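Data first, discussion second: the structure below is written as structure tokens.
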Amino acid sequence: MTATIIDGKAFAAKVRAQVAEHVQRLKDEHGLTPGLAVVLVGEDPASQVYVRSKGKQTVEVGMNSFEHKLPAETSEADLLALIEQLNADPAVHGILVQLPLPGHLDSDLVINAIDPAKDVDGFHISNVGLLGTGQKAMVPCTPLGCLMMLRDHHGSLSGMNAVVVGRSNIVGKPMAQLLLGDSCTVTIAHSRTRDLPDVLSRADIVVAAVGRPEMLRGEWLKPGATVIDVGINRIEGRNGLFGDCDFDSCAEVAGAITPVPGGVGPMTIACLLANTLTATCRANGLAEPQGLTA
Ligand code: GUN
């Protein structure tokens, strides 16, 4: 193996420590405690794990955590009423509605009911538009975490060829916008891309976010490329978690690569906390934390 391993677990711990330092300063100098409200509808086991982890880490950095667990059969009107209440609550600076929602609830409608200034997921249509036009937005957590790792590894990304594999609203599209914002030449590849190996052969940066285990092969990479693997997949009959990249072959060719687990995963919640801090600062007319935003 030749690639440098980008340690997302250690990086996320560093981000959380920086957030905690800022939170302490907000408390000491402004009497402000950032608050994050997480809304979970139903009992999806994976979502319950995420929400518990978010709540724990929120408290660990000194923020207030407000958890709202609603039954699976909650009506859209009741959920929207809760969001209205959180929008109006001055102790709540960030609101996250855990996805997926039960089938009878319209996710777009619910997400777009959140005050965009409190939309720490960056999923509200206003934040999508602000990001797309290069304005100050709340930025989705996973792509923000990927950007932070890339900036940390490379310094400037200006002029690099970046290929994002996957076109989801949560990762692929905002990731491409962020890379464009850092002056990369950006290609979005997806399931209909004709010759993925050819596209990847010119990529200095690869962000894999397709949700297909071990799909990207080392032979397709440009030697020395930096590979950010967003995938978290399970494979039947094998223990553990697997990325979208075939780690062993990619690590032979890449210059740097994020492992799964321990790469992008831990950065997502760290960036959620960073976004909650940013939202608190913006809501109170205070300077934003350096290095924790796009
Ligand atoms: N479900 C899985 N990941 C996420 C996330 O980042 N945000 C929300 N709201 N729901 C999720």
Side-chain angles (χ1 to χ4, degrees), residues 8 12 15-16 19 35-58 65-70 72 74 76 79-80 82-83 86-87 92-103 105-128 131 137-149 166 168-175 177-178 207-211 228-234 241 243-244 260-261 263-279 294:
V15 170
R16 289 196 303 272
V19 171
L36 172 63
V38 175
V39 180
L40 173 63
V41 186
E43 275 151 28
D44 177 65
S47 291
Q48 285 177 322
V49 173
Y50 280 134
V51 168
R52 236 190 332 268
S53 189
K54 281 171 192 161
K56 183 168 168 279
Q57 293 187 39
T58 303
S65 170
F66 307 103
E67 279 183 21
H68 295 267
K69 294 185 176 164
L70 307 178
T74 298
E76 204 159 79
L79 180 54
L80 292 172
L82 172 60
I83 290 172
L86 298 172
N87 283 344
V92 173
H93 303 91
I95 302 170
L96 179 148
V97 176
Q98 185 68 28
L99 300 176
L101 287 170
L105 298 170
D106 179 343
S107 302
D108 288 335
L109 186 79
V110 169
I111 296 300
N112 289 325
I114 298 171
D115 177 349
K118 297 189 178 188
D119 168 37
V120 284
D121 258 328
F123 294 166
H124 190 288
I125 194 74
S126 292
N127 282 314
V128 176
L131 176 61
M138 294 306 305
V139 174
C141 305
T142 300
L144 179 58
C146 297
L147 183 74
M148 283 186 190
M149 289 194 286
S168 71
N169 290 334
I170 291 179
V171 183
K173 286 181 202 163
M175 186 75 246
Q177 294 288 1
L178 287 172
V207 179
V210 274
I228 306 291
D229 191 345
V230 180
I232 299 177
N233 309 289
R234 291 185 187 280
L241 296 172
D244 291 345
V260 178
V264 175
M267 286 298 288
T268 297
I269 297 181
C271 287
L272 173 67
L273 302 175
N275 276 350
T276 304
L277 173 67
T278 300

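Not measured: the values here are computed from a predicted model. Counting convention: from 1, in listed order, for ligands and their atoms alike.
Under the side chain to side chain donor-acceptor pair (under 3.5 Å) criterion, N87 pairs with no residue at all, not counting sequence neighbours. Not a single salt bridge (charged side-chain N to carboxylate O under 4.0 Å, His left out) links E76 to another residue, sequence neighbours left out.
Listed by first and then second residue, the side-chain hydrogen bond (donor to acceptor under 3.5 Å, both in side chains) pairs involving residues 110-123 are D119-N127 (not counting sequence neighbours).
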List below, pair by pair, the N or O atoms of ligand 1 and of the protein that are less than 3.5 Å apart, including the distance to 0.1 Å; reply 'none' if no pair qualifies.
from	atom 1	to	atom 2	distance (Å)
ligand 1	1 (N)	Q98	NE2	3.0
ligand 1	1 (N)	L99	O	2.8
ligand 1	7 (N)	D121	OD1	3.1
ligand 1	7 (N)	D121	OD2	3.2
ligand 1	9 (N)	V97	O	2.8
ligand 1	9 (N)	D121	OD2	2.6
ligand 1	10 (N)	L99	N	3.0

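For the residue pair H124 and I114, the shortest heavy atom distance occurs at CD2-O, 3.1 Å. Considering every non-hydrogen atom in both V128 and F123, the closest pair reads CG2-O, 3.9 Å.
Annotation for Y50: atom OH does not count as buried by contact number, only 12 or fewer foreign heavy atoms lying within 6.0 Å.
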